[in-house]
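Report on the structure given below.
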Number of protein chains: 2
Amino acid sequence: MRSELGVSLAYGLLATLGQSIVTGEFDKTGFPTEAELCVKFGASRTVMREAVKMLSAKGLISSRQRQGTRVEPVENWNLLDPDVLRWLMERPYSNKIFLEFAQMRLAIEPAAAALAAENQDRPAIASIREGLQAMIDHAGQPDLALKADIDFHVAILKASGNPFFWRLKPLITNALNLSIQLTNKIAGHMADIQAHQSILVAIEKGDADTARRSSEAILVESVNLIGKVQAA
Amino acid sequence: MRSELGVSLAYGLLATLGQSIVTGEFDKTGFPTEAELCVKFGASRTVMREAVKMLSAKGLISSRQRQGTRVEPVENWNLLDPDVLRWLMERPYSNKIFLEFAQMRLAIEPAAAALAAENQDRPAIASIREGLQAMIDHAGQPDLALKADIDFHVAILKASGNPFFWRLKPLITNALNLSIQLTNKIAGHMADIQAHQSILVAIEKGDADTARRSSEAILVESVNLIGKVQAA
DNA sequence: TTACAGAAAAAAATACTATTTAAAAACCAG
DNA sequence: CTGGTTTTTAAATAGTATTTTTTTCTGTAA
């Protein structure tokens, strides 16, 4: 069997199974045996096993001889894996995880902004500025404005010089892209350009405290917004 | 071929290859082909491919038909995967990543402590207290004291109620276990029980600000300590 | 005749299929 | 409770398919 979209069969199965797992599809029935999965998806055992192995590398399942494969408890899932988080956020009723992720951003991004102010990585700071400029330029076009907003936040992570912060790029990119569907329910929400600018200025001046506080202000706002949506 | 230590062959290869990759073993030569790996490790192609697929699920490598498999640039590695981080920290000359990880803890743990104070999850708070008590009881036994210290910090993540924080448990556990080798070089370093206690008290009182600041104090200390080791 | 462009063929690597054997753990009969 | 049976994943083996790079060939124009 050949896969449709340039995606290899194993990766296609990875995505399909991953999404099914996070939506709880196997909670009642238990995870199928290799043989069952093969007939269900019309794939060879080898490919199936490769997909299963990738899922277990992400903490979603585990296999043992004779016992079969089972879905791991949620606390073993690697939430900080970009794929896993995306599957979770794409699933219906994912409001809670958006709020929890926003809380984590509230811990991370202000720290990253402060580090960026100390780090003074000129090219990275230039990227932050470009992001802000694009936000201003495309204020009327939601799609472009969102992209610019994401670029701005991600550029700060990069400018922090800390690879752990930088590694959150795909997670935050996904989360912001998807959270639009959530926050659009709140009438006319738009990114606060003034607030973003004050982060940039502080970083450029090397003022870590102000950078941290300005970043915090934006993210507190974001957490509150998502909290409101959740309540509604 | 059977593997030695109860670990399946595929997982054994995952670890071996993962460690080799992060130590830069393939930087010059490029990643071997499937066939070469099979002869090198005496494994079948099937298991080899399963190991390779798991590594690619963690972002360390990527494979394409005809082109072979290559090591991904570091910024694509999933640093927040417990395995990947452990491999990185176990490798020689890993001082820098300990410092960077400590910076991330400095962002996360105070936020977790603050959330824990608000969240008031009684069983989780009891675990924090148990960790502190064990620290006191085993003050003279480095191994047990370290274990208690780790339990204390991890329990705070749990008490925060935020699964993203909680997910850092294996990362922090590993990091603290390994960082002992680093910080022991600094004469007679020991965990500050007073400081730990003040976090617990603040969390129990629901005083989020004090919890955050107390946690911050400990972690700033930790960052400074690791910074000193690095300089030495 | 030479140079070059384009097409066709070959090669090299992973992707996938199929099948068999091994090992482990649960189950069941006695 | 012991020992064999069964089920399910683990691993090995062999071969086909697919993709993409590289090479080779060929025809045409200078």
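The structure presented is a predicted model; accordingly, all values stated were derived computationally and were not measured. First the proteins, then the strands, lettered A, B, ... as listed; each starts at 1.
- For B:Lys53 and C:dT14, the shortest distance from a side-chain N or O to OP1 or OP2 is not below 4.0 Å.
- Following rounding to the nearest Å, B:Leu37 (CG) and C:dA15 (C1') show an atom-to-atom distance of 16 Å.
- In this structure, the CD atom of B:Glu36 is 13 Å from the P atom of C:dA12, given to the nearest Å.
- Set against C:dT14, D:dA11, D:dT9, the side chain of B:Glu34 has C:dT14 as its closest nucleotide.
- Whole-Å rounding puts the B:Leu9 CG to C:dA23 C1' distance at 13 Å.
- Residue B:Thr33 has no polar side-chain atom (N or O) positioned under 4.0 Å from OP1 or OP2 of C:dA12.
- The phosphate of D:dT6 has neither OP1 nor OP2 within less than 4.0 Å of any side-chain N or O from A:Arg66.
- Each of B:Asp121, B:Ile108, B:Leu115 was evaluated against B:Ser160; a single residue qualifies, B:Leu115, per the side chain to side chain contact (heavy atoms under 4.5 Å, CB included) test.
- Nucleotide D:dA10 holds its P atom 17 Å from the CE atom of B:Met48, rounded to whole Å.
- If you check distances only, the side chain of B:Gln65 does reach the base of D:dT18 with a donor-acceptor pair under 3.5 Å.
- For the side chain to side chain contact (heavy atoms under 4.5 Å, CB included) criterion with A:Thr46, the lone passing option out of A:Met48, A:Arg49, A:Glu50 is A:Glu50.
- For the salt bridge (Lys or Arg N to Asp or Glu O under 4.0 Å) test, no residue two or more places apart in sequence or in another chain qualifies with B:Arg64.
- Between A:Glu50 and A:Arg64, the residue anchored nearer the 5' end of DNA chain C, judged by the nucleotide with its closest heavy atom, is A:Glu50.
- No hydrogens or angles considered: nothing links the side chains of B:Asp143 and B:His138 as a donor-acceptor pair under 3.5 Å.
- Counting non-hydrogen atoms under 4.0 angstrom, B:Arg45 reaches a base of the nucleic acid.
- Nearest nucleotide to the B:Thr46 side chain, out of D:dA12, D:dT9, D:dG15: D:dA12.
- The side chain to side chain contact (heavy atoms under 4.5 Å, CB included) test applied to A:Arg70 returns A:Ser62, A:Glu72, not counting sequence neighbours.
- Phosphate proximity of D:dT9 to A:Gln67: absent, as no side-chain N or O sits under 4.0 Å from OP1 or OP2.
- Within the structure, a side-chain polar atom (N or O) of B:Arg49 is placed less than 4.0 Å from OP1 or OP2 of C:dA15.
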